[in-house]
Amino acid sequence: MAFKEKSAWLMLIATLVVGLYMTYAVVHTYMELQQVPAVLPVFIKLTVTLIILSVIGQIVLAIANHKQAEQKADEREKVFIRRGQAAAGGVLAFGVVASLIHFLFLSDGNLLFYSCLLSLVVAQVVEYAVQIASFRRGY
C-alpha cells in the first residue's frame, strides 16, 4: 500500500470519527434543549481533536514508513489526489448552497454554521474515499 493511500485512510478515519462526534453532539443537544448549541465550544473541540489525531497519526505513519514518507507523489498519485479534490469541491459547493437556501427559511446563524461545517466534513470524507478508491483501482 502506498504511503499516500495509508495517509488517506488515516485522515478518512480521523475525519469520520470527529465528524460523527460533532453530529452526535449537535443533534443530542438539540434534542435536549430544543435549540441549536453554541458554535464555539463544539468547533474548538472538533478542531483540536482533528489536529491531534492528524498530527499524531501522520507522525506514527511517517516513522513506520520513513522511506516512503520522504518520496514525493508520482504522477499517478497526483491524479488520484486531484480526482479526490475535484469530487470534494463539488460536494462542498452543493452543501454550502443547500445550507444557504436552508438559512433563507429558518434564519438561524448557528444552524447555518453547523450545516456548512457538516458540508466541509462530508466533502473531506468524499475526498479521502475517492482517493482510496482510486488507489485501490490503480487508475
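Only heavy atoms go into these numbers, but all of them, side chains included; no hydrogens, no water, no symmetry mates. All of these numbers come straight from a predicted model, not from anything done at the bench.
Trp9 places a side-chain heavy atom less than 4.5 Å from the side chain of Ile132. A 4.5 Å side-chain heavy-atom check between Leu61 and Ser7 finds at least one atom pair inside the cut-off. Residues Phe3 and Gln71 have side chains not in contact (no heavy-atom distance under 4.5 Å, counting atoms from C-beta outward). Inter-residue side-chain proximity for Leu92 and Val96 is flagged as met; some heavy-atom pair is nearer than 4.5 Å. Taking the side chain as every heavy atom from C-beta outward, Lys4 and Gln68 never approach each other to under 4.5 Å. A heavy-atom distance below 4.5 Å is found between the side chains of Met11 and Gln58.
Rounding to the nearest 0.5 angstrom, the gap separating the CG atom in Leu50 from the CD atom in Gln124 is 8.5 Å. Rounded to the nearest 0.5 angstrom, Ile101 CD1 and Leu106 CG are separated by 12.5 Å. Distance CG/Leu111 to SG/Cys116: 9.5 Å, rounded to 0.5 Å. Remark: Ile56 CD1 to Leu10 CG distance equals 10.5 Å, nearest 0.5 Å. For the atom pair Asn65 CG and Met1 CE, the distance stands at 10.0 Å (nearest 0.5 Å). The line from OH of Tyr128 to CG of Leu16 is 11.0 Å long, rounded to the nearest 0.5 Å.
Residues Ile52 and Ile44 are members of one and the same hydrophobic cluster, defined by side-chain heavy-atom contacts under 4.5 angstrom among Ile, Leu, Val, Met, Phe, Trp and Tyr. One hydrophobic cluster, built from ILVMFWY side chains closer than 4.5 Å, holds both Leu118 and Val126. Linking Ile, Leu, Val, Met, Phe, Trp and Tyr whenever their side-chain heavy atoms come within less than 4.5 Å puts Leu120 and Leu100 in one cluster. Linking ILVMFWY residues whenever their side-chain heavy atoms come closer than 4.5 Å, directly or via other members, places Val130 and Val91 in the same cluster. When the side chains of ILVMFWY residues are joined at heavy-atom separations under 4.5 Å, either directly or via intervening members, Tyr114 and Leu46 end up in a single hydrophobic cluster.
Listed by first and then second residue, the salt bridge (Lys or Arg N to Asp or Glu O under 4.0 Å) pairs involving residues 54-76 are Glu75-Lys78 (not counting sequence neighbours). Note on residues 82-108: pairs passing side-chain hydrogen bond (donor to acceptor under 3.5 Å, both in side chains), not counting sequence neighbours, are Arg83-Ser134.
Other residues, nucleotides and ligands contribute only 12 or fewer heavy atoms inside 6.0 Å of the OH atom of Tyr21.
What you find for Leu12 and Ala129 is that their closest heavy atoms are CD1-N, 4.4 Å. When all heavy atoms are compared, the tightest approach of Phe43 to Leu117 is CD1-CD2, 4.1 Å. The two residues Leu53 and Ala14 come nearest to each other via the heavy atoms CB-CB, 4.1 Å.
In this structure, the side chain of Ser119 engages the main chain of Ser115 through a donor-acceptor pair within 3.5 Å.
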Practice task
Check the pair Phe135, Glu77 against side chain to side chain contact (heavy atoms under 4.5 Å, CB included), reporting the backbone distance first and the verdict last.
Solution key: CA-CA 8 Å; Phe135 277 109; Glu77 291 172 338; 3.6 Å; yes
